[in-house]
> 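Please read through the structure below; I'll follow up with questions.
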Amino acid sequence: MRVIACLDVDEGRVVKGVNFENLRDAGDPVELAARYGAEGVDELTFLDVSASKQGRGTMLDVVRRTADHVFIPLTVGGGVRTAADVRELLRAGADKVSVNTAAIANPSLLRELSEEFGAQCIVLSIDARRVRPDEPGAHPQPSGFEVTTHGGTRSAGIDAIEWARTGEELGVGEILLNSMDGDGTKEGFDIELIEAVRAAVSVPIIASGGAGAAEHFPPAARAGADAVLAASIFHFGEVPIADVKKALREAGEDVR
């Protein structure tokens with residue numbers, strides 16, 4: 001069971017909000033990454049939330065500086081659209097690259113990337129939420145969960161569980177499963193969502209969205225997550241990484 005710290009990076013700074021809104025500054029990404037490494041986090045995930053051309057250059061610099069100072073696996077995502085983007089990030093020091101919106105527009109991109117770089121490098125990031133039937137233009141989905149884009153604000157009209165299954169078929173090595181209903185709420189992981197995806201795929205699942213206390217992590221592991229991810233509770237010192245590992249260990253999980 002891996003514990004992952006996620007850093008949303010905007011123009012070279014770590015930011016955090018609720019449902020990607022009301023973002024506030026949480027510090028320098030390289031300093032935070034180094035702190036998490038010292039505190040025993042197993043992996044880091046950087047998400048470039050601006051992901052503009054300017055943001056890409058800034059992000060590459062952040063990745064290079066982090067790789068120089070921190071020696072744990074690093075996944076980078078946000079604005080990844082082509083094999084050239086992946087190559088650039090891997091050369092800068094990323095170990096894995098996560099893909100989200102571009103794969104929705106062109107699913108065959110996932111097969112192309114996994115064949116070129118290896119499945120172990122490619123993570124499918126899914127921003128999922130419960131279908132909201134009263135929303136204008138809502139699309140009913142068999143599982144009741146849908147894929148969203150634009151920080152969880154727009155429905156992609158795709159069943160989230162089916163999309164996870166498609167990602168596995170196209171060769172991704174891991175799924176970053178972010179509950180948009182839970183993101184930033186600190187009310188706990190979406191256990192039903194994790195269980196539904198676990199039943200559909202065999203690749204590792206990273207559970208994301210909703211962590212607010214150490215006791216929220218073991219239920220996600222029991223539901224089938226292979227890794228658990230959090231952001232603001234680590235950034236602002238609300239829950240120490242050691243407490244998360246202790247809670248997982250006491251629940252019978254094998255942790256580093």
Side-chain angles (χ1 to χ4, degrees), residues 2 4-15 28-34 36-37 41-127 147 149-151 156 158 163-164 166-178 201 203-206 208 226-227 229 231:
R2 291 167 288 144
I4 301 174
C6 180
L7 297 90
D8 295 327
V9 180
D10 183 19
E11 296 182 0
R13 298 290 291 178
V14 176
V15 295
D28 176 73
V30 182
E31 287 176 13
L32 278 173
Y36 294 144
V41 81
D42 298 307
E43 292 186 19
L44 295 164
T45 293
F46 282 178
L47 296 179
D48 181 357
V49 297
S50 42
S52 62
K53 275 292 177 191
Q54 174 196 354
R56 169 69 62 217
T58 305
M59 195 61 168
L60 287 168
D61 177 60
V62 168
V63 172
R64 285 189 198 100
R65 289 191 295 123
T66 303
D68 284 344
H69 291 90
V70 186
F71 306 102
I72 53 178
L74 173 62
T75 300
V76 184
V80 174
R81 297 179 180 87
T82 65
D85 291 337
V86 174
R87 194 174 299 110
E88 222 174 7
L89 287 165
L90 294 175
R91 281 180 178 158
D95 298 280
K96 294 183 273 191
V97 175
S98 81
V99 187
N100 188 334
T101 309
I104 294 169
N106 175 24
S108 65
L109 175 66
L110 296 174
R111 189 183 302 283
E112 177 194 337
L113 297 179
S114 91
E115 287 178 354
E116 180 162 349
F117 301 103
Q120 79 286 350
C121 279
I122 307 303
V123 179
L124 174 60
S125 179
I126 302 177
D127 291 339
V147 177
T149 61
H150 300 80
I158 302 170
W163 181 228
T166 299
E168 180 177 46
E169 288 168 358
L170 290 170
V172 304
E174 196 162 41
I175 289 170
L176 171 52
L177 181 63
N178 190 28
V201 304
V203 294
I205 296 169
I206 303 166
S208 166
D226 301 274
L229 177 149

> When you measure from the side chain of Asp127 to the backbone N and O of Thr149, does any donor-acceptor pair fall under 3.5 Å?
no
> Can you tell if the side chain of Asp48 reaches within under 4.5 Å of the side chain of Val76, non-hydrogen atoms only?
no
> With a 4.5 Å limit on heavy-atom distance, are the side chains of Tyr36 and Leu7 in contact?
yes
> List the atom of Arg13, the atom of Pro29, and the distance in Å for their closest heavy-atom pair.
CA-CD, 4.1 Å
> Between Asp85 (side chain) and Thr82 (backbone), is there a donor-acceptor pair under 3.5 Å?
yes
> How about Val9 and Met59: do any of their side-chain heavy atoms sit closer than 4.5 Å?
yes
> Ignoring hydrogens and geometry, is there a side-chain-to-backbone donor-acceptor pair from Asp10 to Val49 under 3.5 Å?
no
> Let's go through Glu174 and Arg2 carefully: what are the C-alpha distance in whole Å and the side-chain angles of both, what is the deciding distance for salt bridge (charged side-chain N to carboxylate O under 4.0 Å, His left out) to 0.1 Å, and is it a yes or a no?
CA-CA 13 Å; Glu174 196 162 41; Arg2 291 167 288 144; 2.6 Å; yes
> Side chains of Asp95 and Thr75: closer than 4.5 Å at any heavy-atom pair?
no
> If I take atom NZ from residue Lys96 and atom CG from residue Leu44, how far apart are they, to the nearest 0.5 angstrom?
11.0 Å
> Are the side chains of Val123 and Val97 in contact, using a 4.5 Å heavy-atom criterion?
no
> As an exercise, state the distance from CG of Asn100 to CG of Leu124, rounded to the nearest 0.5 Å.
7.0 Å
> Please name the pair of heavy atoms, one in Leu109 and one in Ala102, separated by the smallest distance, quoted to 0.1 Å.
CD2-CB, 3.8 Å
> Going through the distances and angles, do Arg65 and Asp61 end up as a salt bridge (charged side-chain N to carboxylate O under 4.0 Å, His left out)?
CA-CA 6 Å; Arg65 289 191 295 123; Asp61 177 60; 3.3 Å; yes
> Tell me, do Val203 and Ile175 make a side-chain contact under 4.5 Å, heavy atoms counted?
yes
> Considering non-hydrogen atoms only, spot the tightest contact between Gly173 and Pro204 and give its length.
O-CD, 3.3 Å
> Looking at every heavy atom in both Asp42 and Pro73, which two are closest together, and how far apart are they?
O-CD, 3.4 Å
> If you take all heavy atoms of Val70 and Ala33, which pair is closest and at what distance?
CG2-C, 3.8 Å
> When rounded to the nearest 0.5 angstrom, what is the spacing between CD1 in Ile126 and CD1 in Ile158?
9.5 Å
> Is there side-chain contact between Glu116 and Arg87, with at least one heavy-atom pair below 4.5 Å?
yes
> Working to the nearest 0.5 angstrom, can you tell me the gap between Ile104 CD1 and Ser125 OG?
9.0 Å
> Looking only at heavy atoms, which two atoms of Ala231 and Cys6 are closest? And how far apart?
CB-O, 3.4 Å
> Could you pull out all residues at least two apart from Glu168 that satisfy side chain to side chain donor-acceptor pair (under 3.5 Å)?
Ser202
> Roughly how far, to the nearest 0.5 Å, is the CG atom of Leu90 from the CD atom of Glu88?
10.5 Å
> Would you say Arg81's side chain and Gly79's backbone share a donor-acceptor pair under 3.5 angstrom?
yes
> Working to the nearest 0.5 Å, report the span between OG of Ser98 and CG of Leu176.
6.0 Å
> Decide yes or no for Val86 and Cys121: does some side-chain heavy atom of the first lie under 4.5 Å from some side-chain heavy atom of the second?
no
> Are more than 12 heavy atoms from other residues, nucleotides or ligands located less than 6.0 Å from atom CZ of Arg91?
no
